[in-house]
Amino acid sequence: MAFSVLPSSPSIRSSISYPRSMVVSNKMSDNKINNVGEGFLSPPNKGIYKSQRSLQDLTVASVASRLPPPSVAEGHWHHSAWTSIRQERWEGELVVQGEIPLWLKGTYLRNGPGMWHIGDYNFRHLFDGYATLVKLHFEDGRLIAGHRQLESQAYQAAKKNQKICYREFSEVPKAENFLAYVGELASLFSGASLTDNANTGVVRLGDGRVVCLTETQKGSIVIDPETLETKGKFSYSDSLGGLIHSAHPIVTEEEFLTLLPDLVKPGYVVARMEKGSNERKVIGRVNCRGGPAPGWVHSFPVTQNYVVVPEMPLRYSAQNLLKAEPTPLYKFRWYPHNNAYMHVMCKATGKIVASVEVPLFVQFHFINAYEEKDEDGRVTAIIADCCEHNANTDILEKLRLNNLRSYNGEDVLPDARVGRFRIPFDGSPYGTLEAALDPNEHGRGMDMCTINPNYLGKKYRYAYACGAHRPCNFPNTITKIDFELKKAKNWYEEGTVPSEPFFVARPGAIEEDDGVVISVVSEKNGGAYALVLDGSTFQEIARAKFPYAIPYGLHGCWVPKN
Ligand SMILES: CC1=C[C@H](O/C=C(C)\C=C\C2=C(C)CCCC2(C)C)OC1=O
Ligand SMILES: CC(/C=C/C=O)=C\C=C\O
Ligand SMILES: [Fe+2]
């Protein structure tokens with residue numbers, strides 16, 4: 001279903017003056033950064049700023065990028081979604097078209113890999129980019145927006161040395177010679193060469209600290225939610241050790257639950273950190289049933305009383321970790337013959353209460369989970385939903401920047417669905433996995449999901465995610481899934497790439513979908529806008545254009561205004 005957009009051209013005002021460094025050449029022959037961002041390049045009277053609080057003239061250091069070959073220049077090479085951010089930071093008020101509800105008071109923060117080159121070297125994979133934080137501060141119907149680069153050690157070192165200095169998702173520092181490589185290997189075992197580029201998510205802990213996260217534990221970095229300034233490492237004060245963890249801990253007002261994969265003795269440690277603490281305490285451990293390594297745990301679900309530990313056939317691979325060049329599945333390997341499993345751990349005791357074999361699956365993101373009960377209130381099963389890629393690992397390859405940028409109109413996004421696991425508690429050895437609704441409801445695209453956070457771990461009716469309006473090469477709709485009616489409502493605007501929808505409940509709401517859904521939308525010719533949809537009708541209620549291109553981003557959080 002296509003939605004109409006609000007009338008364009010609101011009364012436009014701009015008080016902006018363009019610093020010299022922002023006015024860049026738009027010629028394809030220049031070996032310079034070529035973002036072709038409408039907002040940056042258009043003359044001031046075409047700007048859409050309402051006012052300018054602080055425009056920082058901090059062009060990203062030496063951002064000369066190698067230009068695409070002319071044959072693909074007509075594709076999505078200049079889509080803002082896949083174009084590096086050009087400035088270190090910006091902040092300003094945006095003109096709002098439509099109406100932002102007056103109850104919406106607080107800041108939406110979004111993290112993501114927004115800078116994909118260093119010097120004249122272009123990164124290969126979407127997940128390699130240096131972290132860019134975006135903020136949307138809503139108050140009194142107004143919107144102050146901005147972005148800032150996260151000052152991780154990895155980003156600072158890359159800027160200083162003009163080369164990649166740490167191991168990213170697919171990129172590896174180039175060894176100068178064999179001896180250096182041996183040193184590199186040693187530092188890999190100690191974790192010293194792993195990145196701290198926290199480009200995946202951002203969470204607000206119960207005590208108010210805001211932390212950016214990625215797959216490496218050292219990539220836990222505290223930021224100031226107002227200025228987006230990097231404050232320093234979030235160091236875990238326990239001695240749990242290990243180098244990696246789930247990039248998606250479960251964070252509530254009271255606690256932080258995480259999974260630490262154990263690559264030495266294949267399994268997972270489930271740990272909990274209380275509000276206000278830096279110390280994780282072990283709840284329990286799950287041993288893998290398949291091998292030779294634990295499955296990738298980018299995310300995991302919880303119910304009110306249980307932690308669900310997935311054992312996906314896409315497993316970490318120590319061999320691939322050591323390789324200097326990316327392998328087809330990066331740091332992972334696909335082991336279909338070693339099966340797939342789901343384990344359930346009691347949160348209070350750490351005991352494994354169910355462990356079942358399930359059909360093969362591929363997911364990055366769990367949506368939610370809940371306990372199914374019989375009429376006496378006894379738990380009969382766990383229901384766990386995820387964005388499931390039909391047990392096909394191709395999606396990892398599709399997320400290479402070359403593929404995203406060279407889109408030519410072909411329908412190349414692999415099919416995905418809402419995968420619903422049922423993990424029975426009756427001792428039977430198998431669980432089931434089925435589509436929760438007809439995937440055609442959301443164009444057979446499905447990822448980047450969120451829910452009303454008040455329904456975490458509880459029976460729920462709605463999920464918000466990105467679906468597909470085909471043909472496409474990347475999820476390009478915002479979709480609202482109704483599990484009760486098995487229907488989806490889809491927001492779509494031609495040529496745009498919306499990032500993960502984020503639900504904010506209206507204070508005092510009774511209905512699960514009473515609230516708004518926020519997304520940052522990247523446009524094909526260099527623009528971007530903040531979008532607010534009504535959670536219930538899924539109609540657009542407001543949008544506000546950024547004065548420059550905002551690249552695609554991953555996950556976000558909400559910081560309420562006190
Ligand atoms: C998804 C998603 C992945 C991502 O990851 C970023 C990094 C730096 C991942 C690194 C690694 C693994 C995925 C496996 C184990 C090794 C290690 C190098 C730590 O960002 C994303 O959004
Ligand atoms: C962007 C993404 C998957 C898109 C698939 O269709 C995954 C991001 C992981 O954090
Ligand atoms: Fe993720």
Side-chain angles (χ1 to χ4, degrees), residues 81-82 110-113 123 125-131 152 154 164 166-172 188 191 193-203 212-219 242-249 260-261 263 293-300 314-323 326-327 329-333 362-367 386-390 392-401 403-404 412-417 442-450 465-468 472-477 479 497-500 551-556:
W82 322 122
R110 190 200 75 175
N111 197 355
F123 300 172
H125 200 278
L126 172 66
F127 297 153
D128 286 326
Y130 292 117
S152 60
I164 295 168
Y166 291 86
R167 285 180 170 256
E168 300 295 337
F169 176 76
S170 84
E171 297 291 346
V172 169
L188 176 62
S193 69
L194 283 181
T195 189
D196 68 337
N197 169 25
N199 66 4
T200 307
V202 53
V203 297
C212 295
L213 294 161
T214 186
E215 305 272 333
T216 58
Q217 293 190 39
K218 72 200 279 204
L243 302 173
I244 56 184
H245 60 181
S246 169
H248 289 272
L260 311 178
L263 272 64
W296 183 14
V297 273
H298 181 69
S299 73
F300 63 98
L314 183 63
R315 296 174 185 271
Y316 297 97
S317 161
Q319 263 168 302
N320 289 353
L321 257 169
L322 301 177
K323 296 223 162 96
T327 74
L329 291 177
Y330 303 94
K331 313 291 195 263
F332 311 101
R333 273 200 192 176
V362 167
Q363 56 74 33
F364 298 110
H365 299 119
F366 275 89
I367 303 171
C386 69
C387 304
E388 206 275 312
H389 293 266
N390 289 338
N392 179 354
T393 59
D394 285 356
I395 186 66
L396 268 182
E397 184 62 14
K398 299 289 178 203
L399 300 181
R400 280 180 53 173
L401 290 160
N403 293 333
L404 296 171
V412 290
L413 178 73
D415 288 0
R417 59 181 180 161
H442 46 81
R444 292 168 286 106
M446 177 51 47
D447 217 303
M448 308 305 284
C449 48
T450 47
C466 291
C472 61
N473 69 338
F474 192 80
N476 57 355
T477 67
T479 181
V497 179
S499 68
E500 182 170 86
Y552 184 68
L554 297 172
H555 309 290

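Both counts, for ligands and for their atoms, begin at 1 and track the order of listing. Predicted model, so just to flag it, every value in this text is computed and none were measured. When reading the values below, keep in mind they use all heavy atoms of this one structure, side chains included, and skip hydrogens, waters and symmetry mates. Residue numbers start at 1 and run along the sequence shown.
Contact between Met446 and ligand 2 is absent, with no heavy atom of the residue lying under 4.0 Å from the ligand. Contact between His298 and ligand 1 is present, with at least one heavy atom of the residue lying under 4.0 Å from the ligand. Within the 4.0 Å heavy-atom shell around ligand 1 one does not find Tyr330.
Each of the atoms 5 (C), 6 (O) of ligand 2 lies under 4.0 Å from some heavy atom of His389. Close approach of ligand 2 to His298 (heavy-atom distance below 4.0 Å) involves ligand atoms 9 (C), 10 (O). If you number the atoms of ligand 1 from 1 as listed, the ones under 4.0 Å from a heavy atom of Thr216 come out as 19 (C). Numbered from 1 in the order shown, with element, the atoms of ligand 1 that lie under 4.0 Å from a heavy atom of Thr195 read 8 (C). Remark: ligand 1 atoms within the under-4.0 Å shell around heavy atoms of Ile244 are 19 (C). Near Leu321, meaning under 4.0 Å from one of its heavy atoms, ligand 1 places the atoms 16 (C).
Annotation: the span from Asp196 atom CG to Cys212 atom SG amounts to 11.0 Å, rounded to 0.5 Å.
For ligand 2, the polar-atom distance check against Tyr552 finds no nitrogen or oxygen pair separated by under 3.5 Å. Ligand 1 has an N or O atom lying under 3.5 Å from an N or O atom of Thr200, backbone or side chain.
Given atom 9 (C) of ligand 2, the protein heavy atom at minimum distance is His365 CE1, 3.2 Å. Protein heavy atom closest to atom 4 (C) of ligand 2, with residue, atom name and distance, is Asp447 CB, 3.9 Å. From the protein, the heavy atom lying nearest to atom 2 (C) of ligand 2 is Met448 SD, 3.8 Å. Summary of contacts: the protein heavy atom closest to atom 3 (C) of ligand 1 is Phe127 CD1, 3.6 Å.
Seen from the Fe ion (ligand 3), atom NE2 of His555 and atom NE2 of His365 lie 100° apart in angle, a value rounded to 10°.
Residues Asn197 and Phe169 are not in side-chain contact: their nearest non-hydrogen atoms beyond the backbone lie 4.5 Å or more apart.
Put simply, the side chain of Arg110 never gets that close to the backbone of Gly556: no donor and acceptor are under 3.5 Å apart. Side chain of Asn473 to main chain of Leu404: a donor-acceptor pair is present (N/O by atom type, distance under 3.5 Å, no hydrogens or angles).
Considering Asp394, Thr393, Val362, Asn390 as possible partners of Pro414, the one that fulfils the side-chain contact (heavy atoms from CB on, under 4.5 Å) test is Asp394.
Nearest-heavy-atom check against atom 11 (C) of ligand 1 across Glu171, His245, Glu215 picks out Glu215.
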